[in-house]
Amino acid sequence: MVVGFLIRTGVVIGAVYYTKKTGVWGSPEETEQLYNDIKDQLRPQVNRLERHLPFEVPSLPRTGEFRFLAKHYYNEGVKNTFHFIEMLPCYTGQLMKKAKDTFENFTEPPTSHELNERLICYIEDVYVLEKGTFLICLFCDSKRLQLNKDLP
């Protein structure tokens, strides 16, 4: 448990260090330059891939579009988070009602219909026929069944 925690912590610290070193957490100009560098490095691979695909791949968004999309999806995420927080009491009430109903169903005795649907079996005898082969005798609802089972 401790080793797993240390490994996960090391991966997170390494990722933060690498992204800091490459300029993700730097000034906006550094981040924009990093984005443009990545876009320029990916363009040849995307062109090669486009020739093999049966459909057209849209181009990467320009910096202005990227900023707009980032702001838009960030705002949508914030709105949805606060909507979830707003609805949390309602969701909690629904969960508590379902849990209460489920536990009440457990306390009620089963109906005769539910009892008729249950198949009660128990193992009567087990015989070893050969090496790795067993004969299992089951007793299920007043009926005797036999199963041959080969073990791997």
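These values consider heavy atoms only, across backbone and side chains, with no hydrogens, waters or symmetry-generated copies. Quick caveat, the model's predicted, so the values are computed rather than measured.
In the hydrophobic clustering of ILVMFWY residues, with side-chain heavy atoms under 4.5 Å counting as a link, Val16 and Leu34 come out apart.
Every residue was checked against the side-chain hydrogen bond (donor to acceptor under 3.5 Å, both in side chains) condition with Thr22, not counting sequence neighbours, and none meets it. Annotation: side-chain contact (heavy atoms from CB on, under 4.5 Å) contacts of Phe84 (sequence neighbours excluded): Leu88, Tyr91.
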Kindly indicate, with the supporting measurements, whether the criterion side chain to side chain contact (heavy atoms under 4.5 Å, CB included) is fulfilled by Lys39 and Asn36.
CA-CA 5 Å; Lys39 186 172 71 170; Asn36 289 331; 4.0 Å; yes
Between Asp37 and Gln41, does the side-chain hydrogen bond (donor to acceptor under 3.5 Å, both in side chains) criterion hold? Intermediate values first, please.
CA-CA 6 Å; Asp37 291 343; Gln41 290 175 3; over 6 Å; no
Side-chain donor-acceptor contacts of residues 73-81 below 3.5 Å, not counting sequence neighbours, with atom names and distances?
from, atom 1, to, atom 2, distance (Å)
Asn75, ND2, Lys71, O, 3.2
Asn80, ND2, Glu76, O, 3.3
Thr81, OG1, Gly77, O, 2.7

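Inter-residue side-chain proximity for Gln94 and Met87 is flagged as unmet; no heavy-atom pair is nearer than 4.5 Å. Put simply, the side chain of Glu104 reaches to within 4.5 Å of the side chain of Asp101, judged on heavy atoms. A 4.5 Å side-chain heavy-atom check between Arg8 and Val12 finds every atom pair outside the cut-off.
Partner of Phe5 under the side-chain contact (heavy atoms from CB on, under 4.5 Å) criterion, chosen from Val2, Thr9, Ile7: Thr9.
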